Amino acid sequence: MSIVEVKVPDIGDFKEVEVIELMVKVGDTIKVDQSLITVESDKASMEIPSSAAGVIKEIKVKVGDKVAEGSLLLMVEADGAAAAAPAPAAAAAAPAPAAAAPAPAPAPAAAPAASAGPVEVKVPDIGDFKEVEVIEVMVKVGDTIAKDQSLVTVESDKASMEIPSSHAGVVKELKIKVGDKVAEGSVVLIVEAAAGSAAPAPSAPAAAAAPAASAPAPAPAPAAAAPAPAAAAVPAVSGKAAHASPSVRKFARELGVDVSRVPGTGPKGRITQQDVQNFVKGVMSGAVASPAGASAPAGGGAGLNLLPWPSLDFSKFGETELQPLPRIKKISGPNLHRNWVMIPHVTQFEDADITELEEFRVASNAANAKNKDAVKLTMLAFVIKASVAALKKYPSFNSSLDEKGENLILKKFYNIGFAADTPNGLVVPVIKNADQKSVTQIAKEMTELSLQAREGKLKPTDMQGATFTISSLGGIGGTHFTPIVNAPEVAILGLSKASMKPVWDGKQFAPRLMMTLSLSYDHRVVDGASGARFAVYLADVLADMRKILL
Ligand code: CAO
């Protein structure tokens with residue numbers, strides 16, 4: 001038995017690549033050529049195979065590390081037969097990835113003079129690859145393309161890469177389709193080149209030029225993202241160019257799964273083999289709708305495959321007026337959409353008997369009526385206080401899922417957002433550390449924040465850091481509703497207008513002031529029983545606030 005080092009082999013023109021996936025762990029028994037890690041550059045991803053067989057003793061890299069030829073990857077206790085051979089010549093023995101690493105240079109052969117006219121765009125020098133399969137065509141006839149824009153993705157056993165265009169212009173004809181095998185010199189498409197657009201710099205490696213065409217991983221909601229539209233980041237859920245290693249793509253293809261529909265939970269939203277398995281399980285169990293449905297990933301992007309939005313000329317039917325959406329709606333819309341699509345919502349309803357609480361509130365306000373500086377106590381302020389008690393009793397409601405959906409981040413602070421209606425749309429100011437404030441302080445702060453909200457004077461920090469949100473429509477009406485959870489929070493409480501109802505007290509129907517609570521929660525985090533317990537406890541506390549003291 002001897003310990004051998006496994007290093008990154010010759011990876012061609014790539015200077016430095018990022019480790020995006022570890023495919024083995026300490027203690028694993030590996031074979032020569034077995035894929036160890038996946039690395040990625042702007043334009044290509046590849047798996048780095050092992051030069052040794054044996055048991056992994058130590059892993060020297062982690063996801064996110066930058067590696068280059070010669071970087072030490074593993075220490076392997078080589079088994080007898082395999083140990084001797086590969087050890088010293090690790091880099092030289094490098095099989096596939098050495099070849100897998102070409103930076104596809106724009107096809108110099110195809111570069112004509114810088115005049116306009118139809119031009120063949122060919123597969124450039126792709127290193128040692130004899131033949132690669134087209135797995136994705138990223139442009140269509142009629143598209144205007146830029147030089148170096150990615151046209152197709154090709155794949156071998158161990159690597160995938162995007163082939164860039166050698167010319168700018170309009171695509172006239174596609175010469176390849178998904179599934180075709182291509183090699184250096186194969187014609188990809190005919191482009192009507194724009195005058196002066198041709199003549200690519202033959203020596204420019206495309207990988208270095210990396211245009212924006214390769215879709216980055218869908219940005220997950222930042223953990224600290226405020227639910228309030230003004231501060232919330234708008235996530236890009238791109239349906240294009242799924243991020244997956246060649247082996248995962250192959251695995252997906254074998255199962256007949258369209259990778260572009262699989263939500264990635266790996267680094268940068270990358271699709272892992274587990275994601276594909278989960279997706280298949282979801283489809284089989286009916287949890288994920290088949291072709292036109294949306295899936296519910298943990299923190300990546302939802303692979304939507306919906307019908308296009310209907311485009312209609314309404315003026316055929318009557319008079320119309322175009323009204324641009326206000327800024328807040330433009331920002332909050334994508335957030336609401338993401339939350340609606342990605343969070344499996346359940347809404348639990350519960351009636352709270354607030355007869356005594358309302359009497360107390362009205363009496364307190366009446367007693368303070370002569371004091372012009374007195375704060376008006378609102379029902380919402382009491383509900384905020386009661387909610388904090390419920391959040392303390394059921395901590396999972398005061399949590400967030402991490403990006404991978406593997407851990408719950410339990411928060412030990414209680415910041416309560418409340419939805420405020422403003423002339424420009426909905427905003428969500430936040431009462432920070434509500435657990436440390438009295439109902440009067442909360443009511444005062446709410447009044448100030450609501451005023452600022454209506455005047456459009458809220459600062460981004462006023463709308464950040466909520467751990468739970470309350471949306472009160474009590475001043476307006478309605479019996480109950482289904483509020484949308486504000487990611488990355490996991491629950492939201494809706495309040496409807498209280499009304500007198502006959503309630504059976506065991507002997508007779510008594511008139512009681514009842515307010516319906518509508519508690520929506522993320523079912524990945526909260527199960528139904530907890531949802532019901534939380535709502536029942538909250539209603540109990542509102543019926544008798546002394547329960548908070550227990
Ligand atoms: N049942 C019955 N009456 C209620 C009530 C309830 N649940 N909640 C409030 N009221 C009463 C109040 O007591 C007040 O009556 P008085 O003027 O006689 O005292 C009246 O309704 C108006 O209350 P309000 O809504 O102005 O004040 P509030 O403290 O309850 O709420 C705020 C403040 C900012 C939450 C509210 O103004 C608001 O913007 N609500 C809309 C929130 C919203 O749009 N949510 C939807 C989000 S999802 O799209």
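Counting starts at 1 for both ligands and their atoms, in listed order. Everything numeric here is computed off the predicted structure, so don't read it as measured data.
- Glu356 and Arg361 are not joined by a salt bridge, as no carboxylate oxygen comes within less than 4.0 angstrom of a charged side-chain nitrogen.
- The distance from ligand 1 to the heavy atoms of Arg361 drops below 4.0 Å at these ligand atoms: 13 (O).
- Looking only at heavy atoms of the protein, atom 1 (N) of ligand 1 is closest to Ala498 N, 2.8 Å.
- The residue from Ser496, Ser472, Ser499 that puts a heavy atom closest to atom 7 (N) of ligand 1 is Ser496.
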Could you list the donor-acceptor pairs under 3.5 angstrom formed between side-chain atoms of residues 525-535 and any protein atom two or more places apart in sequence or on another chain?
unit_1 : atom_1 : unit_2 : atom_2 : d
Asp527 : OD1    : Ser530 : N      : 3.2
Asp527 : OD1    : Ser530 : OG     : 2.8

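- With hydrogens and angles disregarded, a donor-acceptor distance shorter than 3.5 Å links the side chain of Asn335 to the backbone of Ile331.
- Within the set Gly474, Ala420, Ala419, Ser471, the minimum heavy-atom distance to atom 35 (C) of ligand 1 is found for Ala419.
- If you look at Ile484 next to ligand 1, there are no close heavy atoms at all, none under 4.0 Å.
- The ligand atoms of ligand 1 that sit less than 4.0 angstrom from a heavy atom of Thr378 are 29 (O).
- For atom 18 (O) of ligand 1, the nearest non-hydrogen atom of the protein is Lys376 NZ, 4.9 Å.
- The nearest protein heavy atom to atom 15 (O) of ligand 1 is not closer than 4.0 Å.
- The closest protein non-hydrogen atom to atom 49 (O) of ligand 1 is Leu426 CD2, 3.9 Å.
- Rounded to the nearest 0.5 angstrom, Ile343 CD1 and Arg524 CZ are separated by 6.0 Å.
- Distance check for atom 12 (C) of ligand 1: every protein heavy atom is found at 4.0 Å or beyond.
- Listed by number with element, the atoms of ligand 1 under 4.0 Å from a non-hydrogen atom of Leu473 are 43 (C), 44 (O), 45 (N), 46 (C).
- Annotation for ligand 1: atoms under 4.0 Å from non-hydrogen atoms of Asp421 are 38 (C), 39 (O), 41 (C), 44 (O).
- Note on Arg546 versus Asp544: salt bridge recorded, some NZ/NE/NH1/NH2 to OD/OE distance being below 4.0 Å.
- With values rounded to the nearest 0.5 angstrom, Leu513 atom CG is found 7.5 Å from Asp353 atom CG.
- A side-chain donor-acceptor contact under 3.5 Å links Asn339 to the backbone of Val485.
- In this structure, the protein non-hydrogen atom closest to atom 31 (O) of ligand 1 is Leu380 CD2, 4.0 Å.
- Side chain of Asn368 to backbone of Ala374: no donor-acceptor contact under 3.5 angstrom is found.
- Using a non-hydrogen distance threshold of 4.0 Å, Arg454 registers as a contact of ligand 1.
- What sits closest to atom 24 (P) of ligand 1 on the protein, heavy atoms only, is Gly475 CA, 4.6 Å.
- With respect to Lys140 and Asp143, a salt bridge is recorded, a charged nitrogen being found less than 4.0 Å from a carboxylate O.
- Protein heavy atoms are found inside the 4.0 Å sphere centred on atom 44 (O) of ligand 1.
- Only side-chain heavy atoms of Ser450 come within less than 4.0 Å of ligand 1; its backbone N, CA, C and O stay farther off.
- At a heavy-atom cutoff of 4.0 Å, ligand 1 is contacted by no atom of Glu358, backbone or side chain.
- For atom 26 (O) of ligand 1, no protein heavy-atom neighbour is found at a distance under 4.0 Å.
- Taken from OG in Ser387 to CG in Leu538, the straight-line distance is 4.5 Å, to the nearest 0.5 Å.
- Taking the salt bridge (Lys or Arg N to Asp or Glu O under 4.0 Å) definition, one finds that Asp540 meets it with nothing, sequence neighbours left out.
- Of all atoms in ligand 1, numbered sequentially from 1 with element shown, those under 4.0 Å from a heavy atom of Met515 are 7 (N).
- Atoms NE2 and CD1, from His337 and Ile484 in turn, are 10.0 Å apart once rounded to the nearest 0.5 Å.
- In Leu495, neither the side chain nor the backbone holds a heavy atom less than 4.0 Å from any atom of ligand 1.
- Here the straight-line distance linking atom OG of Ser165 with atom CD1 of Ile145 works out to 3.5 Å at 0.5 Å rounding.
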